[in-house]
Amino acid sequence: MRIDGVPSTIYAVNKVLESAGEGRHIYAYLVHVSHEPGLDYNQFHRIDMTLHDHVTKEYGEGTVFWKETEVI
């Protein structure tokens, strides 16, 4: 896991069941990670993730550009 190219620590991964409409559901994963102090929530950040399934030996990658829309 990297945020703007900086390695990030994964604290927890939670599997959740989400509605996909018309009585269908999908699984999603909420990933809780560390970030650099002073991260500006008002600009976009590139988040890269690489996954490895130890059972099937498959790999996957994904990238998302994220900006906080509301800071609580």
Which pairs pass salt bridge (Lys or Arg N to Asp or Glu O under 4.0 Å) with one or both residues in residues 39-52, sequence neighbours excluded?
Arg46-Asp48
Ignoring hydrogens and angles, write down the donor-acceptor pairs under 3.5 Å from the side chains of residues 13-22, residues two or more places apart or on other chains.
from: Asn14; atom 1: OD1; to: His32; atom 2: NE2; distance (Å): 3.0
from: Ser19; atom 1: OG; to: Gly21; atom 2: N; distance (Å): 3.4

Indicate, with yes or no, if Val33 and Leu39 share a hydrophobic cluster defined by side-chain heavy-atom contacts under 4.5 Å among Ile, Leu, Val, Met, Phe, Trp and Tyr.
yes
Evaluate the side-chain proximity of Met49 to Val31: yes if any heavy-atom separation is below 4.5 Å, no if none is.
yes
Which Ile, Leu, Val, Met, Phe, Trp or Tyr residues join Phe65 in one cluster when any pair of side-chain heavy atoms under 4.5 Å counts as a link?
Phe44
Tell me every residue that passes side chain to side chain donor-acceptor pair (under 3.5 Å) with Gln43, counting only those two or more places apart in sequence or in another chain.
none
Classify the ring geometry of Tyr59 against His52: parallel below 30°, tilted from 30° to 60°, perpendicular beyond 60°.
parallel
Where at least one partner belongs to residues 1-12, residue pairs that pass side chain to side chain donor-acceptor pair (under 3.5 Å), sequence neighbours excluded:
Asp4-His45, Ser8-Ser34
I need the Tyr29 OH to Leu51 CG distance, nearest 0.5 Å.
9.5 Å
Is there a side-chain contact between Met1 and Ile47 (heavy atoms, below 4.5 Å)?
yes
